[in-house]
Structure formats: structure tokens, C-alpha cells
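Structure record follows, encoded as C-alpha cells.
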Amino acid sequence: MTYRKWWKQQLDDQRLARWDDSEALIQLPDPRTPDPCHTALIRDEASRTLTRIQDPKVKEAMGLRALGYTEREAAESVGLTAKALERRSSKQRDKLRRTNSAATDCLAEGSGEQ
């Protein structure tokens, strides 16, 4: 080990020895607390997406899923089998992807990107 590496290690060890855990931890944000900006963005995106879903059973089932229901429970609540809800949800996601892709292409053309 070179002297510089050894000295750096010594300094790091000294800093860690002087570290006051309780004071530093109080100042750190709780990582389990969601970022308010991120939460607002997610809610906005979910709200916009839900308004574009045309099938009322799929829309209701997605709301139930967001509340913590299982796929089977959500399907039974709206009068579908789990497999039928899965298929309808898949079709709806494909439709949303196509419209998002078309909107992105349209925006790219308008800005001159290729």
C-alpha cells in the first residue's frame, strides 16, 4: 500500500470515528417518504390515462387494482373473469401505446426532429 492510500484511509477512519450518527440521521430525509413532485406527476399521468380508457369495466377494475385488489378480485367486482380482464387490459394498453406513439411522432415532426 502506498503512503497516499494509507494516509487517505487514516483520514477516512478518523472522520468516521468523529461521526455523530444521531445528529446526522435527524437531518437526512426519510427515504420511504415519496417525493411530492413525483407523486403529483404520477397522479396527473394516471388521471390523464384513465380519462382515455373507454371500457368502463376496465377503468373500474384498474381503479380497484390501484386500491390493492388482486386481479381476480377486481375482475369479479366488475363482472368479468380474471382472464377476460387481463385480455381487455392488454388491448387497452396496446391502444394507449399506439396513441402515445402517434402523439410523440406528431410532436417530433412539429419540432423538426427525425
For residues Ser89 and Val58, report the shortest heavy-atom separation together with the two atoms involved.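 Between these two residues, the closest heavy atoms are OG-CG1, 4.2 Å.
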Suppose we screen for side-chain contact (heavy atoms from CB on, under 4.5 Å). Which residues come up paired with [X], at least two apart in sequence or across chains?
{"X": "Lys91", "result": "Arg87"}
{"X": "Lys59", "result": "Leu50, Ile53"}
{"X": "Ala46", "result": "none"}

With sequence neighbours left out, which residue pairs that include part of residues 46-56 fulfil the salt bridge (Lys or Arg N to Asp or Glu O under 4.0 Å) condition?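 Counting only pairs at least two positions apart or across chains, the salt bridge (Lys or Arg N to Asp or Glu O under 4.0 Å) contacts touching residues 46-56 are Asp44-Arg48, Asp55-Arg88.
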Let me have the donor-acceptor pairs involving side chains of residues 66-75, under 3.5 Å, with sequence neighbours excluded, atom names and distances please.
| residue | atom | partner | partner atom | Å |
| --- | --- | --- | --- | --- |
| Thr70 | OG1 | Glu73 | N | 3.1 |
| Thr70 | OG1 | Glu73 | OE1 | 3.4 |
| Glu73 | OE1 | Thr70 | N | 3.0 |

Which of parallel (below 30°), tilted (30 to 60°) and perpendicular (above 60°) describes Trp7 and Tyr3?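 Parallel.
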Reported OG-to-CD1 distance for the pair Ser47 and Ile42, which is rounded to 0.5 angstrom: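 Nearest 0.5 Å value for the OG-CD1 distance: 12.5 Å.
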Rounded distance (nearest 0.5 Å) linking atom CD of Gln92 with atom CE of Met62: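 So the gap between those two atoms works out to 6.5 Å.
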Go through the structure and list residues passing side-chain hydrogen bond (donor to acceptor under 3.5 Å, both in side chains) with Asp35, not counting sequence neighbours.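 Applying side-chain hydrogen bond (donor to acceptor under 3.5 Å, both in side chains) to Asp35 gives none.
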